[in-house]
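For reference, the structure discussed in these notes is given below.
As the structure is a prediction and not an experimental result, all values here were calculated from the model.
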Amino acid sequence: MTASEILLWVALPYITIAVFVTGTVWRYRYDKFGWTTRSSQLYERKLIRIASPIFHIGILAVLMGHVVGLLIPESWTNAAGLSEDAYHLMAVGIGAVAGVCTLVGVSLLVYRRRTTGAVMAATTKNDKTMYVFLIAAICLGLLTTIIGSGVLGDGYNYRETVSPWFRSIFLLNPQPELMAESLPSFQVHAVAGMLLFIIWPFTRLVHAFSAPFGYVFRPYVVYRDKGPHDAGNHAPKRGWEKVG
Amino acid sequence: MRVMAQMAMVMNLDKCIGCHTCSVTCKQAWTNRSGVEYVWFNNVETRPGQGYPRTYQDQEKWKGGWTVKRGKLKLRSGGRFKRLAQIFSNPNLPTLQDYYEPWTYEYDMLLSSPLGEHTPVARPKSLITGKNMKIEWSANWDDDLAGGPELAPKDPVLVKIKDQVGDRVKMEFEQAFMFYLPRICEHCLNPACVAACPSGAMYKRSEDGIVLVDQDQCRGWRMCVSGCPYKKVYFNHKTGKAEKCTMCYPRIEVGLPTVCAETCVGRLRYIGLFLYDADKVTAAASVENEHDLLQAQLDLLLDPNDPAVQEAARRDGIPADWLDAAQRSPVYKLAKVYNVALPLHPEYRTMPMVWYIPPLSPVVDALRDTGNDAEDVDNLFGALDTLRIPIEYLAELFTAGDPAPVQSSLRKLAAMRSYMRDVNLGREPRPEIPAAVGMTEESIYEMYRLLAIAKYEDRYIIPKAHAETARDLEELACAVDYDGDPHDASGPFGYASGRPVPVAVETFHALKERQTSEVLIPLDAVRMNLRSWGGGGQSDDE
């Protein structure tokens, strides 16, 4: 076990979790006003009508794929009578479609951003950096799907190395050796993924946490009392304001 | 019965000269910021015309407001699940082109160009892209029927009544009837924007019914923009948040009228309270026949002089001074007692709370053009029965196409005109004129005082926000306001992110005092802006 392996497969994951969680909480408390999708639909609607749903639905499917592939141990699916080959075929099939949708979607969105003057003008440095990390993670992820499926090379069962390593992090019993012996493509994708989660709280990606499920349950018309206008009666104090 | 109070407005369209003072002062006060360059919380449209944004009244296209399906009230754009399914791109959102692309001019060229053969010009520059642009539309492109035969026929209201009156629209259109329609947010009793907001950031204030957006909770899904049939919620493309007319709540809370009302040169706006039965709103908005919606809306409004209503109001926490204000409310008188004010597009089923007194002037003008005495009551009544085009048009705007309430309202205005002419000319007043429209001489004179004399203290009966909370209202945070260079306002995570800047520098109570004071109070230490301007004192706005 080399120092760099410890660093990559033990230290980095915990740093990622720490930054992701505290960063998100901090951002929410510090910057509720900046917490938005920052939609550019007002500037351009034809391309976004197609590209945005393709990308978002694609990436939600990718997310589901990761949850299933990383969290459900191979022994469970075996016990359920799903053979490794069948599982693999299913995972690769759905994963490839979802991954391609995501990539096509994000490519269209970036194309739109580049070619529509108003959207380009509204793109911040923060957005551009985020896009680099996001697209890197997506492309490397697609690569692992291709390699893992055996389309390129011999095929690879990541559920014997990557997935147990992933779970070991959360079980507070990190097993870096599992990850160290997996394929380089999976290693690079994992690092890219962790980096994406590190910058996540500080980009517009936070809008993912705003999925408005509560809308289904609340009454249509919302009434609120005026209440005391405390916030803003004074200059912001040091430290956190009371939330809610 | 659950009694709630609603701050509402009535506009007397006969007096609107289309000067846009309301729009300009509103813009100066609220939307002279980057990201809302294209936004006019208050705009004045020439009718017939396409409106702002273009053809917003065409709900087949924009899917704003509510519909009734099998007796059940439903947002026209679909139910909750459909809306969530459309969250990644809103199919009914207008683009900037439907409003207009805001621009400035390269003024610096006029000063800094070197000496040359040609006069330097200031070319238009887009405020969105910063590039040169061709100006092709604006918030008032078809002002005063500009581009008439080409643009006005696309007016959705005109298109709608064309089926009923056919080619006569065109013919009489050339004889030009025209009036102005100033519009702000309707602060509806059944707001579609609030219902459409996935984040629950939009709300109706329970104290005064003003509809607001919680800037900290808004996530920029834009469903409110498309949900509102009046298109009076706007998307700030810099902050990524929805913004809308606030009914100048910081002013209203201390008893000052809104900026648009305060600065209206025609003095045509009235602000006051309605008491309404909140339990019956949904039922009223669900009435099957569109022509019954106006009456359903009127039935929601409770009589503040009825002891049972007063009892219920006290029980539901309406303060005594608010009850008193509701009894003296000019909007209640105009909408319910005299019954001359009508809501805009009741068929959207949002129960709008900005009401309009339809303009008699298109009828008077048409009558005068025929060489008749346009002040004579019989001539006017006759014209109201025969001049179908303006009536149908007004009915399409204010009563879902039912001409009867429009005619009734205009007959009252015509009666007032004729009756008061006799009084003013020292002739014997004719009590049969008010009687012909179901009014008494006293009530028609009172209505005349309210509409024609229109004293400031009669137009605005605005109770202050209740005393227990008044201390907190003195200075208000306003997360949407950013002064100075927009580039400086850019936070670490994009425009205007980070902590909201408290900007409530002025205390509105002090301004109220200054406005009502007999002496001119110097403004030395007080920074002033139009949001708090009250006509008194002087502005040292830099």
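Using a 4.5 Å cut-off between heavy atoms, B:Ile87 contacts chain A through its side chain alone, with no backbone atom that close. Neither the backbone nor the side chain of A:Ile54 comes within less than 4.5 Å of any heavy atom of chain B. Proximity to chain A (any heavy atom under 4.5 Å) is restricted, for B:Pro94, to the backbone atoms N, CA, C and O. Interface remark: B:Asp98 contributes no atoms to any contact with chain A (heavy atom separation under 4.5 Å). For A:Ala118, the parts lying near chain B are the backbone and the side chain together; criterion is any non-hydrogen pair under 4.5 Å. Interface remark: B:Leu127 contributes no atoms to any contact with chain A (heavy atom separation under 4.5 Å). When heavy atoms are compared at a cutoff of 4.5 Å, B:Gln86 does not approach chain A at all. Only the backbone of B:Met202 comes within contact range of chain A, with at least one heavy atom under 4.5 Å from a heavy atom of that chain. Only the backbone of B:Cys218 comes within contact range of chain A, with at least one heavy atom under 4.5 Å from a heavy atom of that chain.
Under a 3.5 Å cut-off, the side chain of B:Ser206 and the backbone N or O of A:Arg224 do form a donor-acceptor pair.
A salt bridge (Lys or Arg N to Asp or Glu O under 4.0 Å) check over residues 90-100 of chain A, counting only residues at least two apart or in different chains, returns nothing. Counting only residues at least two apart or in different chains, salt bridge (Lys or Arg N to Asp or Glu O under 4.0 Å) contacts with residues 193-204 of chain B are absent.
Here the OH-NZ distance, from A:Tyr220 to B:Lys74, works out to 8.0 Å after rounding to the nearest 0.5 Å. Expressed to the nearest 0.5 Å, how far NZ of B:Lys241 lies from CH2 of A:Trp35 amounts to 10.0 Å.
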Just list the side-chain donor-acceptor pairs under 3.5 Å for residues 61-71 of chain A, sequence neighbours left out, or say none.
| from | atom 1 | to | atom 2 | distance (Å) |
| --- | --- | --- | --- | --- |
| A:His66 | ND1 | A:Val62 | O | 2.9 |

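When every heavy atom of B:Lys238 is checked against every heavy atom of A:Arg38, the shortest pair comes out as O-NE, 4.4 Å. Summarising the geometry of A:Val216 relative to B:Leu84, their closest heavy-atom pair is CG2-CD1, 3.5 Å, with the distance given to 0.1 Å.
A:Phe209 does not carry B:Arg219 over the face of its six-membered ring by the limits of under 6.0 Å from the centre and within 45° of the normal.
The aromatic rings of A:His207 and B:Trp221 sit perpendicular to each other, their planes meeting at more than 60°, with 30° as the lower class boundary.
Chain B is approached within less than 4.5 Å, heavy atom to heavy atom, by A:Gln41, A:Leu42, A:Tyr43, A:Arg45, A:Ile48, A:Arg49 from residues 41-51 of chain A, ordered by number.
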